[in-house]
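Let me begin by presenting the structure, written as structure tokens, before commenting on it.
Any value given below was found using the heavy atoms of this structure, including those in side chains, with hydrogens, waters and symmetry copies removed.
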Amino acid sequence: MVPRRRRISTSIIAIVIFITLARKALKFMVSAWRCEHHRLLEQRLYSVEHSSKLSYLQDQATPSYASPDKSGNLDVKDFDIMMTYSDASGAVRVGSVKAKDLSSSWVWKTPSHHDDHMKNLEKSKDLSQPITKYEDSTEHPVETKQSTESIVFNTKSYPDDPIKRHRQMLRLKRRELRTAELMRQDKEMDAEMEKAAIERAEGLDTTFIGKYSIWRRDYDNSNSDSTLKLMRDQIIMAKAYATIAKTKNESSLYDSLMKCTKDSLSAIGEANSDADLQPSALDQAKAMGGILAAAKEKLHDFAVLARKLRAMIQVTEDNVNALKKESAFLIQLAAKTIPKPIHCLSQLLTANYFISGRANKDANLKDRLEDPSLYHYAIFSDNVLAAAVVVNSTIVHANEPEKHVFHIVTDKLKVSGMKMWFLDNPPSSASVEVLNIDDFTWLNSSYCPVLRQLESARMKEFYFKVNNNPSSLSTGTDQLKYRNPKYLSMLNHLRFYLPEVYPKLNKILFLDDDIVVQKDLTPLWSVDMKGMVNGAVETCKESFHRFDKYLNFSNPLISENFDPNACGWAYGMNMFDLKEWRKRNITGIYHYWQELNEDRTLWKLGSLPPGLITFYNLTYPLDRSWHVLGLGYDPALNQTAIGNAAVVHYNGNYKPWLDLAIAKYKSYWSRYVMYDSPYLRHCKFTE
């Protein structure tokens with residue numbers, strides 16, 4: 001892990017250098033932008049002034065009049081108008097334009113009016129300095145300043161022409177408004193850039209940069225770990241030089257390096273910063289520095305040292321990968337393990353059930369259990385505490401709890417304890433039925449393909465004799481996931497036989513035991529499912545959780561019958577229309593595809609892939625607020641979405657009753673646990 005830390009530190013230093021250079025470049029770009037912006041502003045102002053000059057010169061242009069036509073009208077399309085103007089560099093140029101190309105703002109007068117106007121201009125004393133004339137349009141002006149002054153002066157004097165005077169006033173007004181607008185935009189842009197720079201400066205983590213910056217002073221940062229980092233780097237170099245010394249028979253140097261390495265590791269111990277180091281750590285670092293200097297003098301070879309460091313990095317990466325596999329295996333193992341308090345609770349409840357002799361107390365509930373006008377729930381679980389939380393959270397939020405009926409099915413080991421819990425903790429006025437799955441005699445291997453497959457030798461080989469080591473890490477995390485014991489339990493597949501389990505009911509809401517109810521669920525019975533059998537929340541987001549994630553589309557049986565981009569949905573909270581189920585023979589569809597997957601080539605184990613196939617084009621999408629998933633694996637869920645959800649689902653390995661649970665999500669589940677129960681206190685449950 002030390003080489004990896006050093007690589008991370010080096011990467012961080014490079015990032016800091018890049019940020020510093022980027023900030024300098026940004027400042028330079030801002031300065032250049034401002035200069036360019038001011039230049040463009042000046043150019044725009046010049047263009048406004050130039051347009052005023054050009055307008056005046058156009059007014060002074062002398063048209064070459066054509067002769068009148070037979071009707072006495074002038075043909076203005078044939079006029080050639082000569083004009084002089086100043087270009088961007090200040091040079092005065094001569095040009096011509098056809099009358100037909102002029103805008104409609106031009107005012108045409110007869111030649112007599114033009115002559116009269118020219119005579120008036122000649123009499124004006126203000127025109128004593130005429131505009132400098134140019135014979136060639138490519139020549140530069142001799143008296144540019146003088147000409148400009150004459151032009152500006154003359155544009156203000158049209159005493160006998162109100163139209164031109166009005167046009168001139170409009171031009172001047174437009175120029176002033178445009179100048180003010182450009183200056184305002186410039187100030188706003190400067191203010192925005194200053195604000196953005198302040199926000200970026202405030203968001204910069206100076207502590208982080210100060211800690212890893214190569215220009216820092218160690219005493220400027222109270223959390224400095226320079227000595228610790230130095231010692232760890234020394235250990236890496238010492239190991240590299242020790243290996244080289246051994247290959248070159250430098251035994252004394254090798255022994256010295258290994259001894260110093262051992263002493264440095266002892267001095268570091270479990271320290272995470274300089275403050276945690278032992279007092280002798282600095283002296284040990286100095287001693288190690290002397291040994292490394294001697295080793296460098298004798299053994300330093302860039303090529304050899306680089307090869308050795310690369311080999312050390314490779315070994316470290318291999319160790320990290322091995323630790324990742326081990327971590328994945330241990331997480332899967334922890335997820336499968338029953339915590340001691342839950343095991344204690346089941347055993348204690350079972351013992352009290354037989355001691356108290358409270359069996360068959362639920363016989364008088366038969367009429368309510370088969371009444372289709374009530375709200376019926378199906379919960380299949382072997383976890384007493386989890387099932388209790390589901391029932392409790394549902395009743396707490398129910399508007400009419402007396403109309404709710406819970407049908408719980410468990411295995412023969414937990415049935416007595418489950419019954420005892422709900423006998424001692426009846427859920428308000430609601431009804432609870434607890435059944436043993438082994439009492440369903442019709443659920444046998446001759447009728448149920450998955451049960452026959454679970455009992456096959458091939459399945460036992462898959463589960464218990466993988467590489468002669470069922471806990472082998474070489475199987476990979478995916479294989480470990482599908483070896484979860486829940487896939488061997490028929491409780492996981494009983495959801496495909498709901499009409500057989502509840503023949504008198506028309507609708508039933510299926511709930512997993514790792515969910516928590518946060519709102520009244522009765523509106524689900526009023527949802528129009530438009531002839532669909534399964535009402536569920538879809539889980540596809542962009543390309544995630546679509547059919548190709550769960551099914552093997554390389555098999556033609558799958559690719560020819562299903563769309564790989566079809567949206568997946570979630571088990572956990574599903575409204576099933578049992579009348580439509582029976583009408584469409586959904587259980588028969590399930591059996592058909594389960595038989596085809598005997599060799600597990602269509603999908604791996606689990607109940608969701610066959611569910612996607614069985615209810616393909618028969619699933620009605622519910623609003624996402626009904627069911628929020630991911631609390632058992634995703635620590636980055638939206639807290640608002642969780643708070644607004646009717647049901648939250650801890651799907652994943654981090655179940656709320658395990659120590660692995662994500663801490664910030666556990667409170668949604670624990671608030672419905674009856675910690676004051678004597679059973680829970682006896683088994684040492686803690687909040």
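- Not a single donor-acceptor pair under 3.5 Å links the side chain of K504 to the backbone N or O of P372.
- Closest non-hydrogen pair, A661 versus P656, comes out as CB-CA, 3.8 Å.
- Within the 4.5 Å cutoff, side-chain heavy atoms of L511 are placed close to those of T394.
- With rounding to the nearest 0.5 Å, the separation of CG in N383 from CG in L345 is 8.5 Å.
- Aromatic rings from W581 and F615 are positioned such that their centres are separated by under 6.0 Å.
- Of the possible polar contacts, one joining the N425 side chain to the W421 backbone as a donor-acceptor pair under 3.5 Å is found.
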Original post:
Does the side-chain contact (heavy atoms from CB on, under 4.5 Å) test come out yes or no for D514 and H649, once each step is laid out?
Top reply: CA-CA 6 Å; D514 56 351; H649 194 172; 2.9 Å; yes

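- Side chain of S393 to main chain of V517: a donor-acceptor pair is present (N/O by atom type, distance under 3.5 Å, no hydrogens or angles).
- Inspection of the N321 and E317 side chains reveals no N or O donor paired with an N or O acceptor under 3.5 Å.
- Side-chain contact of D371 with S373: a donor-acceptor pair under 3.5 Å is present, judged by distance alone.
- Of all non-hydrogen atoms in S381 and L491, the two that sit nearest each other are C-CD1, 4.1 Å.
- Using cut-offs of 30° and 60° on the angle between ring planes, the pair F440 and W442 is parallel.
- Taking the six-membered ring for Trp and the full ring otherwise, the centers of Y502 and H407 sit less than 6.0 Å from each other.
- Taking CG of N555 as the start and CD of E560 as the end, the distance is 9.0 Å to the nearest 0.5 Å.
- The local environment of NE2 in H682 is sparse, with at most 12 non-hydrogen atoms from other residues, nucleotides or ligands closer than 6.0 Å.
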Original post:
After noting the C-alpha distance and the side-chain angles of T587 and Y497, does the key distance pass the side-chain contact (heavy atoms from CB on, under 4.5 Å) rule?
Top reply: CA-CA 6 Å; T587 304; Y497 300 94; 3.8 Å; yes

Subject >> side-chain contact (heavy atoms from CB on, under 4.5 Å) evaluation trace for V405 with L369 >> reply: CA-CA 7 Å; V405 181; L369 297 177; 3.5 Å; yes

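- Closest approach of L629 and A570 over heavy atoms only: CD2-CB, 3.3 Å.
- Crowding of K666 atom NZ: a count of heavy atoms from other residues, nucleotides or ligands under 6.0 Å exceeding 12.
- At distances below 3.5 Å, not a single donor-acceptor pair connects side-chain atoms of E500 with backbone N or O atoms of L443.
- Taking the side chain as every heavy atom from C-beta outward, V432 and P426 never approach each other to under 4.5 Å.
- Atom CG in L557 sits 10.0 Å away from atom CG in N597 (nearest 0.5 Å).
- Side-chain contact check for Y620 and D577: no donor-acceptor pair (N or O, by modelled atom type) lies under 3.5 Å.
- Although no hydrogens or angles enter the test, the distance criterion places a donor-acceptor pair under 3.5 Å between the side chain of R681 and the main chain of D676.
- Salt bridge status for D512 with R495: present, with a side-chain N to carboxylate O gap under 4.0 Å.
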**OP:** Walk me through it: do F380 and F510 pass the test ring pair (Phe, Tyr, Trp, His ring centres under 6.0 Å)?
**Re:** CA-CA 9 Å; F380 304 151; F510 173 79; 5.7 Å; yes

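- Heavy atoms of other residues, nucleotides or ligands lying less than 6.0 angstrom from OH of Y675 number more than 12.
- Using a 30° and 60° split on the angle between ring planes, Y672 and H397 fall in the perpendicular class, above 60°.
- Under the 6.0 Å cut-off for aromatic ring centres, Y616 and W593 do not qualify, their centroids lying 6.0 Å or more apart.
- Taking 4.0 Å as the cut-off between side-chain N and carboxylate O, R452 and E595 count as a salt-bridged pair.
- Annotation for Y550: atom OH counts as buried by contact number, over 12 foreign heavy atoms lying within 6.0 Å.
- L348 approaches C683 most closely through the heavy-atom pair CD2-SG, 4.3 Å.
- Judged by distance alone, with hydrogens and angles left aside, the side-chain atoms of T350 form a donor-acceptor pair with the main-chain N or O of S346 at under 3.5 Å.
- Checked against the 6.0 Å centroid threshold, Y679 and F685 do not count as a close aromatic pair.
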Subject >> Stepwise side-chain contact (heavy atoms from CB on, under 4.5 Å) test for Y590 and H493 >> reply: CA-CA 10 Å; Y590 166 69; H493 298 271; 3.4 Å; yes

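- In this structure, the ring of F496 has its center no less than 6.0 angstrom from the ring center of H591.
- Between M532 and N617, the shortest heavy-atom distance links the atoms SD-O, 3.5 Å.
- Atom CG of D659 is surrounded by 12 or fewer heavy atoms from other residues, nucleotides or ligands within 6.0 Å.
- In this structure, N574 contributes its side chain and G572 its backbone to a donor-acceptor pair below 3.5 Å.
- Rounding to the nearest 0.5 Å places CG of N436 at 13.5 Å from CD1 of I408.
- Counting all heavy atoms, side chain and backbone alike, L374 lies closest to W525 at O-NE1, 4.5 Å.
- In this structure a side-chain-to-backbone donor-acceptor pair under 3.5 Å is missing from K519 to W626.
- Atom CD1 of I342 sits about 5.5 Å away from atom CG of L385, to the nearest 0.5 Å.
- No donor-acceptor pair closer than 3.5 Å links the side chain of Y665 to the backbone N or O of Y633.
- The local environment of CG in L413 is crowded, with over 12 non-hydrogen atoms from other residues, nucleotides or ligands closer than 6.0 Å.
- Annotation: side chain of L602 is not in contact with side chain of I613 (no heavy-atom distance under 4.5 Å).
- Counted within 6.0 Å of NZ on K664, heavy atoms from surrounding residues, nucleotides or ligands total more than 12; the atom is thus considered enclosed.
- For the atom pair NZ of K419 and CG of L435, the computed distance is 7.5 Å after rounding to the nearest 0.5 Å.
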